[in-house]
Each structure stands twice: as structure tokens, then as C-alpha cells.
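Ligands are counted one by one from 1 in listed order, and the atoms in each one are counted from 1 as well. Nothing here was measured: the structure is a model prediction, and the numbers come from that model. Computed over heavy atoms, backbone and side chain alike; hydrogens, waters and symmetry mates excluded.
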Amino acid sequence: MNLLAASATDLVRLLESGDVSSVDLTRVFLERIKSCDTAVHAFASVTQEAALAQARELDELRAGGKPVGKLAGVPVAVKDVLCTKGQLTTCGSRMLASYAPPYDATVITRLRAAGAVLLGKTNMDEFAMGSSTETSFHGPTENPWDRQRTPGGSSGGAAAAVAASMASLSVGSDTGGSIRQPAAFCGVVGLKPTYGRVSRYGLVAFASSLDQVGPLASTAEDVALLLEVIAGHDERDSTSADLPVPSYGELLSEPLQGLRIGIVESHFAEGLDGEIEESVRRAVAIYEQLGATVHPVELPHSRYAIATYYIIASCEASGNLARYDGAHYGHRTDEGRMLEELAEERRLLVESGDADGAEQLDGPLVRMYRRTRAEGFGDEVKRRIMLGTYALSAGYYDAYYLKALKVRRRIRDDFDAAFQQVDVIAGPVTPTPAFPLGERTDDPLSMYLGDLYTVSANLAGIPALSLPCGLTASGLPIALQLQAPPFEEARLLRAAHQFQGETDWHTRRPSLVEES
Ligand code: GLN
């Protein structure tokens, strides 16, 4: 059996029956990373020794007849935005290039407790700000389907790792589409859970009211398996919901007969790629064959979603990123050189007779902050901090931030109203398939506009899933987005699973995988 092509659910069975050991399986994936990742660059760091040690321990537990967790032995990759104790957590930033946190994120604790073998940390846009993984300090990740193209972002590494069979499952984070858009570009399933479904403790914060951790995998069944492990209340995250976690895996087969699917016609307006429109409409037709009914719904305020999102996300980011000051942790500028330069500036001013000017120069502390942040952050992060600081400043707060909060409320109300009429909303995930690397790096606005279909779910806090539903003529993945009311992840997973029972898009692999 080709272990790399097996689903995580199959791997669990093979491990349970003893057909393969955790150590052997881990080696297969580590070998795959070795042969594949110099090209794809999905990983920021690979924790080979720790992974093998974990696998060995699991094999011993099993041999001793001890109980093991739900994911025992399954190789998992985790976005480099989740804190891993004693292991690098860089967030794709020079600011955290050598940061090894003293604690595990709750999601990591749960993965370890379930016996998942952590292969390493995946590449991402710096501090999760971006849609292409190109703002990473480690350099871009390539799309396994076409290496000239982006895997999407910010969880580009997490999606590419699963697409190229370098990990069976991966964990990403989604603030405005960062799980769903890379899942769409890489032909895997990605789920942004309801805000509060998964703990954010130990997730490096970007925009705290929007951030959510979620699973990526080749099948809906595997996403369900992983969600069951990572979801649930956490007293360390006051925004995590104190609700029981359903057995998602057991609910996958409930028939779809009578499922009401909402379609937002404005999603198919100008700007949507023709092949994507066709595949999405075809996917909806498959749902009709499965017994679902289709209804038009409206989300009138969604046209403001991009503007609203980029104001709110940037405002929150500017606050969250204030902690990187060189004093607590992370990068700190070379103070020796800084002090020499300060002395030189002073000397020149005094020599030129400007003693007052010399007096007024910023002192070492302010300089340390400024240089640390100038050196540690990349351009996109600086852009967000400036946007956010501006929008929050006195005189603009009401016009931008407060207004955005009000629109956010309307967007949520639109969803509430739509979900009175339908059970899920179906549409595209992205306006275009994976775009070429470099195409949008100099044009932030066009990068932002690509988030058109994904950001509303974060603003409304609802769960949303990206599901492979086609390939373009040139062989790039196309995806369908399904959105549901809060805490209805089971509904999304069930719909996705049954779609996968009727179609084989999820079994397609990039040729990079077939060749090896
Ligand atoms: N692309 C969006 C942004 O750049 C979303 C990122 C995310 O979800 N982390 O902000």
C-alpha cells in the first residue's frame, strides 16, 4: 500500500492493526520531506529527532498494550504560528527567527495527547498577513501543482505539505481565509471552524477577534478526525466556547436529503474566473442529485467585507504586534552599533554648532524599539501596523474602526437572516485559481481583493469549509466554499464527505507526487 497516498483515517487503521509501525510511517514521511521539500519549501523547520522519538514511544506503548490516542502515529504538520515548547516558532518573521516558546499551544498539547507525530512547522506569510506565503522571512512556498505558482496563504506551507503528501494532516490558522484559500489553491480540504470552537491559546495573535485554528487534510473524513482532537473548551482562552465537541466522524453519513443550499448570485458577478464558476455550479448540481434543494439568498453587506476586514484586522494587528519591542523576546537590534551611530550623530550636530539638535535626538531606548521593529518586520507587516495605527488614531477612530465594527454587525446579521432560509451557503473560495509567484507582491490591493469570498465568515464568526471540486484546463485545483451557522461544523463536514463519495477530486494528486 502506498502510505503517502493513504488517508489519515486509513493510516490510523494500519497502525492499529500493526501493519505498519509508527516509526516506519514517520520515516516514510520524513523521507518524503527530504526528497520533496527542497523544491516545495512547505516547512519552516522539520523536527526529525523529536518526531522519531514520539513515534518510538507510541510503538512501545502499543507493544505494551497501553491505550493510545485517536491520532496515534499519524504524521502531522503544524503552521509555524502555533507555539511549540522548545521548538522554533517563527511566524515567518525575522522578528521571531530564533524564538522557541517555553510552552505548547493548547492545540499542540491536544495533538500530542492524541498521539499525533509532529513532523515540523510549516511556512506561512509573516504573522499570517498575506495570501501567498511570499511575505515569509523564509522565502516563498511553491504550489505542488505548479511550482511557478503560489500555494496561497497564509497557511501555504500547511496546504502544500498535505497536497505533496509530506504530511497526512496539517493545522493552519484562518483570520480572513488563510486555511481555505491555500486549501483551494492546493486541492485539499480546509476548515475554518466557528470562532471559539478551537482554542487560540498559544496561537501567535494577528487579529484576535477573527483568528481561528483549523484542520487541513485530503478528505473531509480526515478533517473531521483532526477537528475532534483539536476542538473544545479551554480555560486558557476566554473566547473558547464551552460546548461539547460532537463526534464529527460519526455524523458524516447522515443523508443530505432536504438540505437547503443557499446561493448568492452576486458571488458569480464579474471578476470570478469562468472555470471556477462552472465547477462551483456543477458542484451545486451534484448536491441537488444528492437530494439537496437550492435557493437564492442575499448577503447585501458582503460587498463591504474586504474594506471592513482590512480595517478591523489591521487595527487589531497594530495592537497585537506592539509586543515585539526587542525588550521581551524575539529580535533585538545590535545595540553596540546603535550606540556608536547615536554618538556619531551627536558629534556631527555639536560640531556643526547645533547643540540643541544634539540634545533633542531620540535616546537609546526609543532607538532600540525603532531599529528592532524596522529590522524585524517585513514590508507587509509594517503596512498593516501603519494602516491599523492610522485607523485607530484620534480623529479617525469613528470614521474607520467604529464604522467597520458596525458594518461587521450587518454582515453577521445578513448571515443570520440567510440561515433562516437555508442550511448552508455554497459558493467559490477564490475569484481565481492559484496565481503565479510574484504576480501580486507589488500590488497589495490586488492581493487583498483575492480575499473577497473568505473574509465574511471570519467577520461573522461562522464556520466555512473549502472543498476541491474541479481542475482548470491547465490542471490547477478549484474549490467550493460551504458556510454554515455557528457551531454547525458537522453539517459542513457531512456535506463535504458526501460530495467526496460522489466525486474523485480529492483523490487527484499533483504530478510532483505521481512522479516520485
Ligand atoms: N489574506 C488575508 C490577510 O492577508 C487573510 C490572512 C489570514 O487569514 N491569516 O490578512
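The side-chain contact (heavy atoms from CB on, under 4.5 Å) test applied to Ala50 returns Thr47, Gln87, not counting sequence neighbours. For Pro75, the side-chain contact (heavy atoms from CB on, under 4.5 Å) test picks out Leu11, Leu25, Phe29, Leu119, Ser168, with sequence neighbours left out. A search for side-chain hydrogen bond (donor to acceptor under 3.5 Å, both in side chains) contacts involving Asn143 returns nothing, not counting sequence neighbours.
Between Ser302 and Asp414, the side chains place no donor N or O within less than 3.5 Å of an acceptor N or O (distance only, hydrogens not considered).
Using cut-offs of 30° and 60° for the angle between ring planes, the Tyr390 and Tyr400 rings count as tilted.
For the residue pair Val284 and Ala426, the shortest heavy atom distance occurs at CG2-CB, 4.2 Å.
Near ligand 1, Ala128, Met129, Gly130, Ser131, Ser154, Asp174, Thr175, Gly176, Gly177, Ser178, Phe206, Tyr309, Tyr310, Arg384, Asp451 each place a heavy atom less than 4.0 angstrom from the ligand.
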